[in-house]
Amino acid sequence: MSKRVVVTGLGAITPIGNNVEEFWNSLKEKKVGIAPITYFDTTDYKAKLAAQVKDFDAKKHMDPKAAKRMEQFCQFAVIAAKEALTDAGIDMEKEDPYRVGVSVGSGIGSLQSIEREHKKLMEKGPGRVNPLLVPLMICNMAAGNVSIQFGLKGKCINVVTACATGTHSIGEAFRSIQYGEADVMVAGGTEASITPIGVAGFTALTALSTSEDPLRASIPFDLERNGFVMGEGAGIVVLESLEHAQARGAKIYAELAGYGATCDAYHITSPAEDGSGAAKAMEMAIADAGMKPEDIDYINAHGTSTHHNDLFETKAIKLALGDHAKKVKINSTKSMIGHLLGAAGGVEFITCIKSIEDNFIHATAGLTKDDPDCDLDYTKNEGVAMDVNCAISNSLGFGGHNATLLVKKFQA
């Protein structure tokens with residue numbers, strides 16, 4: 001008998017707010033966090049915009065010495081995890097640390113440390129490379145640092161599936177609790193890849209928007225979309241078995257009830273053109289939760305603002321939901337915060353939880369020109385106040401990775 005899993009804590013660092021409340025209020029206000037890149041000179045770059053985290057100082061939230069030994073993707077994860085654990089009211093003095101685990105992924109790890117140390121290697125030779133380069137750079141260090149900072153000694157994993165990383169990380173944490181491997185899992189994704197090599201690489205792939213208007217750059221499902229905008233940040237949640245949460249009198253946000261994961265086995269960057277892989281992940285999540293397509297009120301789409309993604313995801317939703325696809329509300333959080341890569345799924349899952357809690361679905365900002373091939377309800381113009389009992393969050397990653405989470409209002 002698998003255990004029921006609930007969400008009891010939320011933590012976020014995003015381009016439109018460095019905590020969950022700020023982030024959610026900004027989404028409701030349609031605040032776009034996209035602006036010209038300030039981290040480096042973009043004169044020679046076709047992509048000039050990104051969604052950077054603003055006013056971030058890790059030393060204000062954690063021990064300055066510890067912050068110094070972490071790259072930004074780890075700092076984001078640790079600070080978002082601290083918010084989530086505090087929100088959940090987890091007291092590690094009262095927990096068996098081997099029953100509290102971590103599933104926090106990063107798609108890329110630290111490009112900053114690679115760029116910095118490669119420059120030293122070329123200019124000054126191998127003897128000058130930082131001895132901490134490897135532990136600063138590798139992407140599992142977000143999970144490792146979260147566990148070290150908070151004394152979490154249970155299962156500690158780093159799922160890496162490119163842009164589906166955050167969603168898979170939460171899904172695998174969900175399974176760990178269902179199966180009895182942990183009572184509590186700190187789960188989500190983190191990313192900080194707005195660097196010269198990151199932007200140049202995605203630009204060379206023709207994946208990034210070259211628009212210089214922040215309000216017309218990340219425009220999911222819009223006829224004029226021409227690529228995604230890089231974002232950064234972290235989205236971390238606390239998941240618990242229902243018995244554990246109830247035994248300690250925790251506040252329960254929602255129940256995580258379904259998880260589906262598939263692969264297109266088609267192409268390294270393009271989703272399957274008929275949407276079949278993503279559709280199957282949605283179908284599996286709905287079946288896992290013991291629900292039907294008609295039960296879904298809202299889909300937080302992967303919605304990257306690339307031509308292929310938005311078209312094929314639309315097809316996938318129609319395949320998975322049938323006639324109900326026309327009735328469901330869909331939006332893309334990326335319209336305001338850009339694409340957080342490995343962190344996207346974590347932040348978008350939090351958006352689903354807040355939508356359920358507040359009974360509100362935010363608008364897809366920037367969507368003004370309808371694409372006849374994207375003909376579903378993408379919450380154009382303004383957000384909508386309505387009952388949200390059941391939501392699904394989709395993430396699709398390079399390599400053909402598809403992941404879907406289904407979350408619903410908690411009923412004892």
Side-chain angles (χ1 to χ4, degrees), residues 1-12 62 66 70 73-74 76-107 109 135 138-161 164-190 234-248 250-259 261 288 342-343 345-347 349-350 353 403 405 407:
M1 178 72 179
S2 74
K3 298 185 176 199
R4 288 175 71 186
V5 178
V6 294
V7 185
T8 57
L10 310 175
M62 61 195 287
M70 275 181 226
F73 81 104
C74 287
F76 287 163
V78 167
I79 292 162
K82 182 181 179 183
E83 184 188 1
L85 284 162
T86 303
D87 185 34
I90 296 282
D91 178 356
M92 286 308 294
E93 302 275 308
K94 294 178 181 165
E95 299 292 336
D96 173 353
Y98 291 100
R99 299 290 299 164
V100 184
V102 180
S103 176
V104 173
S106 172
I138 51 182
C139 61
N140 68 297
M141 278 300 161
N145 274 307
V146 168
S147 67
I148 291 164
Q149 290 296 307
F150 305 108
L152 317 180
K153 296 183 177 181
K155 180 180 197 174
C156 184
I157 55 173
N158 167 45
V159 182
V160 185
T161 48
T165 293
T167 301
H168 275 124
S169 295
I170 294 168
E172 295 305 315
F174 168 59
R175 288 280 184 259
S176 299
I177 295 171
Q178 275 189 318
Y179 195 70
E181 293 180 328
D183 296 323
V184 181
M185 290 292 287
V186 176
T190 185
I236 308 284
V237 296
V238 174
L239 304 179
E240 295 184 54
S241 70
L242 176 59
E243 316 77 288
H244 186 276
Q246 286 177 329
R248 64 181 195 88
K251 179 181 113 176
I252 293 171
Y253 279 103
E255 179 172 2
L256 176 50
Y259 169 45
D288 189 33
V347 171
F349 181 70
I350 289 170
I353 304 280
L405 295 167
V407 64

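Keep in mind that the numbers below use all heavy atoms, side chains included, and drop hydrogens, waters and symmetry copies. Every value quoted in this text rests on a predicted model; they were computed, and no experiment measured them.
Atom-to-atom distance recorded for Met185:CE and Phe174:CZ is 12.5 Å, nearest 0.5 angstrom. A distance of 11.0 Å separates CG in Leu10 from CD1 in Ile236, rounded to the nearest 0.5 Å. Within the model, atoms OG of Ser147 and NZ of Lys155 stand 14.5 Å from one another, a figure rounded to the nearest 0.5 Å. Annotation: the span from Leu256 atom CG to Ile177 atom CD1 amounts to 8.5 Å, rounded to 0.5 Å.
Proximity of Lys3 to His244: side-chain heavy atoms (C-beta onward) are nowhere separated by under 4.5 Å. Within the 4.5 Å cutoff, the side chain of Leu239 has heavy atoms near those of the Val7 side chain. Side-chain contact between Phe150 and Lys82 is present, with heavy atoms from C-beta onward closer than 4.5 Å. In this structure, the side chains of Glu240 and Ile90 come closer than 4.5 Å at one or more pairs of heavy atoms. Counting heavy atoms from C-beta on, the side chains of Ile252 and Leu242 come closer than 4.5 Å.
In summary, of the residues considered (Glu95, Glu243, Lys94), a side-chain contact (heavy atoms from CB on, under 4.5 Å) with Arg248 occurs for Glu95 alone.
Heavy atoms only, all atoms of each residue included: Ala403 and His168 are closest at CB-NE2, 3.5 Å. Across every non-hydrogen atom of Pro97 and Gly151, the tightest pair is CB-O, 3.6 Å. Between Ala142 and Ala77, the shortest heavy-atom distance links the atoms CB-CB, 4.0 Å. Taking both residues in full, the closest heavy atoms of Gly345 and Thr167 are given as CA-OG1, 3.2 Å, listed atom of the first, atom of the second, then distance. Heavy-atom minimum distance, Ala80 versus Ala12: CB-N, 4.0 Å. Closest heavy-atom contact between Asn158 and Val104: OD1-O, 3.4 Å.
Side-chain N or O atoms of Ser103 include one that pairs as donor or acceptor with a backbone N or O of Ser169 at under 3.5 Å. With Ser176 contributing its side chain and Glu181 its backbone, the two residues share no donor-acceptor pair below 3.5 Å. Of the possible polar contacts, one joining the Ser106 side chain to the Thr190 backbone as a donor-acceptor pair under 3.5 Å is found.
Take Phe76 and apply the ring-ring contact (aromatic ring centres under 6.0 Å, His included) test, not counting sequence neighbours, and it matches Phe56. Checked against side-chain hydrogen bond (donor to acceptor under 3.5 Å, both in side chains), Arg175 has the following partners two or more places apart in sequence or in another chain: Gln178, Asp288. Under the side-chain hydrogen bond (donor to acceptor under 3.5 Å, both in side chains) criterion, Asp87 pairs with Tyr253, sequence neighbours left out. In this view, Ala254 and Ile353, Val407 satisfy the side-chain contact (heavy atoms from CB on, under 4.5 Å) rule, not counting sequence neighbours. Scanning for side-chain hydrogen bond (donor to acceptor under 3.5 Å, both in side chains) contacts around Glu172 gives Tyr259, with sequence neighbours left out. Checked against side-chain hydrogen bond (donor to acceptor under 3.5 Å, both in side chains), Gln149 has no partners two or more places apart in sequence or in another chain.
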